[in-house]
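Right, one structure below, let's go through it.
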Amino acid sequence: MTLSDKLFIDGTWRKSASGRTTKLVNPATEEVFGEVEAADVSDVNMAVESAHRAWESGWRDMTPGKRTEILFNVARKLREHIEELGQLEMLQIGKPVSDARDEAGLGARCFEYYAGAVTKFCGQTVPVSRGGFDFTLRQSMGVVAAIVPWNFPFPIAAWKTAPALAAGNCVVLKPASLSPLTALKLGELAHAAGLPSGVLQVLPGSGSAIGDALVTHPLVRKVSFTGSTEIGRRIMELASRDIKRVSLELGGKSPNIVFADADWERAAESSPMSVFANTGQDCCARSRMFVERSIFEPFVEKFVAATKKLVVGDPTKTETQLGPMVSASQRAIVEEFLADARRRGSKFVCGGGRPHPKGYYLEPTVLLDVGKEDRCWKEEIFGPVVAITPFDDEAQMLRDVNASPYGLSGSIWTNNLSRALRVSRAVQSGVLSINSHSSVHVEAPFGGFKQSGLGRDLGMAAMEGYTEMKNVYVGE
Ligand code: NAP
Ligand code: MG
């Protein structure tokens, strides 16, 4: 497998102006396996200008039918390369190969969905009171900068790029430094499938070196970001200077709420993967569990038994469920959280250590007796750690759930319909599942309340976010 290791600008591979490169480390082996060019500010300018030219000179005005055809061709090309995309993802971030393949498929599905959406995304006619004729247009914005993280590199790149392109924008995609390979492959395959040069540029490079230049470039009309709340805040501040559009998908501290009337055995068996999947490096991770007191002990017992059965290890094996963490520094951050929990006297029911001598592995860890003021309760850990607490009273439990500054996702387990509806209204989050842990559907809006973000990815809501609405009135 040959690695694409340069910048993808205007349909060609280019070396970075600075000559700088980023080394890629396989988190499962700790070995360097490649090196990728790292973009400089002058590369950002070149990519944005080229994207703007591509927008003005064709993509913006292409017929919806033609744009649909090209995006379906991109989706088909991605489907033909699922195995390669999965292998690249596994290599760069240690994602278990079965998950990596599934996520490559999710990215392809995203292109299929938005290819179809091009001809179904409509404005309105408005019955204005003075007569005449009034209608709205949904118009493309120009250049969209998509800045994506390393935890779900390929699907998130797809779910920003596909709707932005479908809505008639051109995209400069900046992958995380740890995970440039599947983004570069997306650029290459999309181009091979007939996406015109300049419509999608892929710029690997360090966020701290090129982020400001990309976000503040006057031709970038919208910044679509997924990552930490800290960088999201910075992007929003920079974007405020010229009222640039932003959508932000940030951190989470999502609850998993289990009532005694639920099929709680099923909840206990399925809940470990709601927090430990992707080795906990998931903004939707259900890292705070609230379990009704009458079932608390048997629930925890079953939950821990299911956790101990999880296969943690070599991501190349199809049976592996949890791979390593993405990097030594991410693991160190999580171990600092665990040290804090130890100092504060939390109970480690299982996990807490390193299961393998090589690779950035960390055991899935179950904590009890975590105080409501402790770091492990309040902050996003972004690793395989869950805190479980009993509750007695629904109203108090909801106050605790909503005390978090985050509001991304969550699960509710109950067989009482009125309770399910009441609690799902009360939980302050953008995404919720009842008797399930499924958060992400290509067809449905995804995003957060409060400090979990702004705007929505996926579904038709994402198309709205990549357009400006214009109202046109025609006099009688
Ligand atoms: P991050 O810094 O927010 O990285 C996300 C993306 O933003 C990457 O492409 C990154 O590039 C880029 N970036 C970094 N600095 C930037 C800047 N000044 N301007 C514009 N873009 C910039 O996240 P991280 O440092 O990788 O992870 C730190 C913590 O963030 C994690 O522990 C976790 O809590 C949280 N996180 C959340 C999500 C999520 O899905 N919500 C995803 C990842 C991380 P580089 O890779 O080159 O720095
Ligand atoms: Mg960072």
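Here the structure is a predicted model, which means the values were calculated and not measured. Residue indices begin at 1 and follow the sequence shown. Just follow the structure's listing: the first ligand is 1, and inside any ligand the first atom is 1. Computed over heavy atoms, backbone and side chain alike; hydrogens, waters and symmetry mates excluded.
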Below 4.0 Å from ligand 1: does a non-hydrogen atom of P175 turn up there or not? yes

Below 3.5 angstrom, do we get any N/O pair linking N151 and ligand 1? yes

Summary of salt bridge (charged side-chain N to carboxylate O under 4.0 Å, His left out) pairs that have at least one residue in residues 173-190, sequence neighbours excluded: E84-K185, K185-E188

If we ignore angles and hydrogens, is there a donor and acceptor under 3.5 Å between the side chains of S224 and S247? yes

Donor-acceptor contact present, side-chain K244 to main-chain V223, <3.5 Å: no

Do side-chain atoms of T320 reach the backbone of P315 as a donor and acceptor pair under 3.5 angstrom? no

N/O to N/O below 3.5 Å, does that happen between G227 and ligand 1? yes

Of all the atoms in ligand 1, which lie at a distance below 4.0 Å from a heavy atom belonging to A176? 8 (C), 9 (O), 46 (O)

Answer yes or no for atom 4 (O) of ligand 1: protein heavy atom present at a distance under 4.0 Å? no

Reference residue K160; test side chain to side chain contact (heavy atoms under 4.5 Å, CB included); the match among T226, V171, L173: T226

Among protein heavy atoms, which lies nearest atom 7 (O) of ligand 1, and at what distance? F225 CE1, 3.2 Å

Distance from atom 38 (C) of ligand 1 to nearest protein heavy atom, with residue and atom: F382 CZ, 3.4 Å

Say whether, by atom type as modelled, one donor and one acceptor occur between the side chain of Y406 and the main chain of S254 under 3.5 angstrom. no

H441 (side chain) donor-acceptor with E443 (main chain) under 3.5 angstrom: no

Using heavy atoms and a 4.0 Å limit, tell me yes or no: is G205 in contact with ligand 1? yes

So, for atom 25 (O) of ligand 1, does the protein have a heavy atom nearer than 4.0 Å? no

To which protein heavy atom is atom 42 (C) of ligand 1 closest, and what is the distance rounded to 0.1 Å? P149 CB, 3.4 Å

Give the atoms of ligand 1, by number and element, whose distance to some non-hydrogen atom of T226 is under 4.0 Å. 5 (C), 40 (O)

What do we get for L250 next to ligand 1 when only non-hydrogen atoms under 4.0 Å count, side chain, backbone, both or neither? backbone

Are the side chain of D43 and the backbone N or O of A17 linked by a donor-acceptor pair below 3.5 Å? yes

Backbone or side-chain N or O of S206 under 3.5 Å from ligand 1 N or O: no

Counting non-hydrogen protein atoms only, what is the nearest one to atom 30 (O) of ligand 1? Give residue, atom name and distance. S228 CB, 3.0 Å

To check your reading of the model: name the closest protein heavy atom to atom 48 (O) of ligand 1, its residue, and the distance in Å. G207 N, 3.8 Å

One finds that the ligand 1 atoms under 4.0 Å from a non-hydrogen atom of E380 are 33 (C), 34 (O), 35 (C)

Where the side chain of S16 meets the backbone of A38, is there a donor-acceptor pair that is under 3.5 Å apart? yes

Please work out, at 4.0 Å between heavy atoms, whether the side chain, the backbone, both, or neither of F152 comes within that distance of ligand 1. neither

Residue-level breakdown please: for V148 versus ligand 1, do any non-hydrogen atoms fall below 4.0 Å on the side chain, on the backbone, on both, or on neither? backbone

Backbone N/O of C284 and side chain of R286: donor-acceptor pair under 3.5 Å: yes

I need the nearest protein heavy-atom contact for atom 12 (C) of ligand 1: residue, atom name and distance, please. I147 CG2, 3.7 Å

What is the nearest protein non-hydrogen atom to atom 47 (O) of ligand 1, stated with its residue, atom name and distance? S177 OG, 2.5 Å

Q281 meets the side-chain hydrogen bond (donor to acceptor under 3.5 Å, both in side chains) criterion, sequence neighbours left out, with none

Atom 20 (C) of ligand 1: which protein heavy atom is closest, and how many Å away? G211 CA, 3.4 Å

Given that the side chain starts at C-beta and the backbone is N, CA, C, O, which of these parts of Q330 lies under 4.0 Å from ligand 1, counting heavy atoms, or is it both or neither? side chain

Donor-acceptor contact present, side-chain S50 to main-chain G198, <3.5 Å: no

Assert yes or no for the condition that the ring centre distance of F290 to W377 is strictly below 6.0 Å. yes

If we ignore angles and hydrogens, is there a donor and acceptor under 3.5 Å between the side chains of W413 and N256? yes

For atom 22 (C) of ligand 1, which candidate among V215, N278, I231 provides the closest heavy atom? I231

